[in-house]
Amino acid sequence: MALSKTVEKLDKYYGRLKSGSAKKIKPAHVEKMIDKLKARERDLKDEISTTEKESKRERLERKLLKTRDLTAKAKWLLKEIG
């Protein structure tokens, strides 16, 4: 799943949480998203370790930080609905 789609899904979930329809959010969906984010984090770490070009490495590290931030938000959401 592209990172932008993950952000969109999390935003939808947060909106539903604010509107009071959090009961409709299935924890399994959030857990699946967390698994995908963790897999993306592993892939980014692997790519960073093999990248020689500094500018590309910096870009990948920014993506890694964003992925970690999204994982933390998804875990918080899981606690809120679970």
Side-chain angles (χ1 to χ4, degrees):
M1 175 184 302
L3 195 56
S4 60
K5 288 187 179 187
T6 303
V7 171
E8 287 176 28
K9 268 193 168 186
L10 274 176
D11 287 343
K12 281 184 184 180
Y13 286 157
Y14 278 111
R16 287 167 60 188
L17 185 64
K18 287 181 183 178
S19 70
S21 16
K23 294 178 182 172
K24 296 179 183 177
I25 301 172
K26 295 182 181 178
H29 291 170
V30 180
E31 289 170 355
K32 184 177 178 182
M33 192 181 317
I34 291 171
D35 291 341
K36 288 182 179 185
L37 286 166
K38 286 181 179 180
R40 180 166 175 83
E41 185 176 339
R42 282 190 303 272
D43 293 343
L44 285 169
K45 285 180 182 178
D46 290 343
E47 194 171 351
I48 288 171
S49 67
T50 60
T51 301
E52 294 178 13
K53 192 173 179 183
E54 187 61 33
S55 60
K56 184 175 182 179
R57 184 185 315 250
E58 289 172 2
R59 184 176 52 82
L60 291 172
E61 287 173 354
R62 285 192 305 271
K63 283 184 178 185
L64 181 61
L65 288 174
K66 181 67 175 175
T67 302
R68 287 179 177 161
D69 181 48
L70 289 172
T71 303
K73 288 180 180 181
K75 286 180 180 179
W76 176 86
L77 179 65
L78 186 60
K79 276 196 328 190
E80 289 295 310
I81 64 171

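- Summarising the geometry, atom OH belonging to Tyr13 is positioned 15.5 Å from atom CD belonging to Glu80; distances are rounded to the nearest 0.5 Å.
- Separation of atoms CG (Leu78) and NE2 (His29) is listed at 12.5 Å; rounding is to 0.5 Å.
- Summarising the geometry of Ala74 relative to Ile34, their closest heavy-atom pair is CB-CG1, 3.6 Å, with the distance given to 0.1 Å.
- Legend: residues meeting side chain to side chain contact (heavy atoms under 4.5 Å, CB included) with Glu61, ordered by chain and number and at least two apart, are Ile48, Arg57.
- Residues Lys63 and Arg40 have side chains in contact (heavy-atom distance under 4.5 Å, counting atoms from C-beta outward).
- Both Leu37 and Leu77 are part of a single hydrophobic cluster, where members link through side-chain heavy atoms under 4.5 Å apart.
- Legend: residues meeting side chain to side chain contact (heavy atoms under 4.5 Å, CB included) with Lys56, ordered by chain and number and at least two apart, are Glu47, Thr51, Lys53, Arg59, Leu60.
- Take Lys45 and apply the side chain to side chain contact (heavy atoms under 4.5 Å, CB included) test, not counting sequence neighbours, and it matches Glu41, Leu64, Arg68.
- Among pairs with a residue in residues 45-75, none fulfils ring-ring contact (aromatic ring centres under 6.0 Å, His included), at least two apart in sequence or across chains.
- Rounding to the nearest 0.5 Å gives a distance of 6.5 Å between OG1 of Thr6 and CE of Met33.
- The same ILVMFWY cluster, assembled from side-chain heavy atoms under 4.5 Å apart, contains both Val7 and Val30.
- Taking CG of Leu70 as the start and NZ of Lys75 as the end, the distance is 12.5 Å to the nearest 0.5 Å.
- Residue pairs meeting the ring-ring contact (aromatic ring centres under 6.0 Å, His included) criterion with at least one partner in residues 42-82, sequence neighbours excluded, are Tyr14-Trp76.
- Residues satisfying the side chain to side chain contact (heavy atoms under 4.5 Å, CB included) test with Glu52, not counting sequence neighbours, are none.
- The pair Asp69-Lys73 counts as a salt bridge, with a side-chain nitrogen and a carboxylate oxygen less than 4.0 angstrom apart.
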